[in-house]
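Read the numbers this way: they start at 1 and go in the same order the structure lists the ligands and their atoms.
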Amino acid sequence: MIRLASPDIQKDDIKRCVEVLQSGNLVQGTQVKRFEDSLTDFSNDIGGFCAVSSGTAALHLALKALGISKGDRVLVPDFTFPATANVVENLDAEVQFCDVDPSTYCLTPELVENALASYNGQIKALIVVHEFGFPAPIQSICDIARKKNIYVIEDAACALGTVADGHHVGYYSDCACFSFHPRKAITTGEGGAVLSKNISFIEKIRQFRNHGIQIIDNRIDFFEAGLNYRMTDFQAALALGQLKRYPAEIEKRKQLADRYLSLLDDETGLELPILKEGHSLQSFMIKLNSHIHRQKTIDALAARGVQANLGAQALHRLRYYHTRYKRTDADYPISSQLYDCGLVLPLYGKLEEKDIKTVSKELKKIINND
Ligand SMILES: Cc1ncc(COP(=O)(O)O)c(C=O)c1O
């Protein structure tokens, strides 16, 4: 079976974890600090990182630390993983959806401008998702938001290593949130992080991550109603080696994605993604023409030894959001189409060119009823 994703965990990574387990220090400690420092180096010293227990925890803390609360409205792309919006709902704020671009699957400055105009000054924050690692046009979106005093949070769950408008993600916005779930390019099992240029903001996130604790004059006090969103040391140890190898992993993904593009280019039943400079290629999603049955294609690929899956969700269609906001496909036609027709193909550094050839060949055969 050619799997959809497979983390790059090597013997040395496991050895590091075992050493931590043997040390007896299982909670957050020196390895988490090392991981945060390594992430800071990796992002070219944009600011500070705070490692947390998941990408969802990172988004939750970011919004909480920005003061998003009951009744606030947050603009969210309709095409994403539900966590992007769920965190807004969990702060008793309201989600306002925005459609996405058909070829990048991300927000554009025009879409944001139009959405802000239609919500008439009521938006307090907006979340930009770098979908599948694609570098969304963050600089122009931040320019628009800044003029209107709107916070910008980057959902960079899939975008560690993505360079957007000349900088690693997290440079232009208030903060960027990452996930280290095993479907992402670097994994800690569950895990995540917040990055911000603003170090006092990161300090606030650190406090919220750890029950609101601060130690002053050797005395512990609780300054906020915080949470426990800490990462454990053995999780951080798992990621240190992966992070060192990550630039090579991104390069390999680019080569393989280019190979998909050339092998699938002549297939009229498909629309292929754009590979913009700076894309970190967490996933490779193509669009099937609407006459092709996606689930049957996924099943047929599985029967031929290839794992594939749908991309992200159109949030307005999900039971919770449909019941709460009652939006229709006509409000978000592109997101609806991507939800119906998106197909993610295997892409990760351990794959070989021959695997990409196999996936492409089997997909073409299925589409052409061979
Ligand atoms: C765009 C996006 N945001 C947020 C998340 C949540 O990350 P986690 O699973 O680490 O909580 C994911 C995870 O798949 C994601 O794809």
Side-chain angles (χ1 to χ4, degrees), residues 4-7 32 35 39 49-64 68 74-91 95 97-98 100-101 104-107 125-136 138 141 152-162 164 169-170 173 175-195 205 209 227-232 235-236 238-239 242 273 279-285 309-316 318 320-321 335 338-339 342 344 347-348:
L4 188 60
S6 174
V32 170
F35 182 40
L39 286 166
F49 270 87
C50 173
V52 293
S53 53
S54 69
T56 307
L59 285 166
H60 189 197
L61 288 190
L63 292 179
K64 195 170 158 56
I68 303 301
V74 180
L75 195 73
V76 170
D78 190 59
F79 186 67
T80 180
F81 186 72
T84 315
N86 289 349
V87 290
V88 176
E89 294 287 316
N90 275 285
L91 289 164
V95 173
F97 298 115
C98 184
V100 295
D101 181 86
T104 68
Y105 322 143
C106 296
L107 295 179
L126 75 89
I127 304 182
V128 176
V129 180
H130 297 281
E131 197 58 75
F132 308 132
F134 185 91
I138 190 68
I141 293 176
V152 180
I153 299 103
E154 291 172 80
D155 182 339
C158 305
L160 185 73
T162 293
V169 294
S173 63
C175 61
C177 299
F178 302 86
S179 165
F180 306 120
H181 178 274
R183 271 291 277 115
K184 311 299 186 261
I186 282 190
T187 189
T188 55
E190 301 288 357
V194 183
L195 159 65
I205 298 267
R209 162 181 72 173
L227 295 148
N228 177 357
Y229 279 169
R230 296 182 305 245
M231 178 182 276
T232 60
Q235 288 179 289
L238 185 66
Q242 293 178 64
H279 198 327
S280 59
L281 286 157
Q282 178 262 342
S283 282
F284 186 85
M285 188 183 97
N309 206 351
L310 76 165
Q313 271 82 11
L315 299 189
H316 75 276
L318 308 181
Y320 172 82
Y321 290 102
S335 169
L338 295 173
Y339 185 36
V344 174
L347 183 72
Y348 45 95

Val194 vs Arg209 side-chain heavy atoms within contact, under 4.5 Å:
no
I'd like a table of the close N/O pairs between ligand 1 and the protein (anything under 3.5 Å), one pair per line with both atom names and the distance.
residue, atom, partner, partner atom, Å
ligand 1, 3 (N), Asp155, OD1, 3.2
ligand 1, 3 (N), Asp155, OD2, 2.7
ligand 1, 10 (O), Gly55, N, 2.8
ligand 1, 10 (O), Ser179, OG, 2.7
ligand 1, 11 (O), Gly55, N, 3.4
ligand 1, 11 (O), Thr56, N, 2.9
ligand 1, 11 (O), Thr56, OG1, 2.5
ligand 1, 14 (O), Lys184, NZ, 2.7

If I compare all heavy atoms of Leu315 with all of Ala85, which pair ends up nearest, and what's the gap?
CD1-CB, 3.5 Å
Could you give the distance from CG (Leu310) to CG (Leu338), rounded to the nearest 0.5 Å?
11.0 Å
How many angstroms lie between atom CZ of Phe180 and atom CD of Gln235, to the nearest 0.5 angstrom?
11.0 Å
Under 30°, 30 to 60°, or over 60°: which ring-plane class applies to Tyr321 and Phe97, parallel, tilted or perpendicular?
perpendicular
Before you tell me yes or no, could you show the steps for Phe134 and His279 under ring pair (Phe, Tyr, Trp, His ring centres under 6.0 Å), namely the whole-Å CA-CA distance, both residues' side-chain angles and the distance that decides it to 0.1 Å?
CA-CA 5 Å; Phe134 185 91; His279 198 327; 5.5 Å; yes
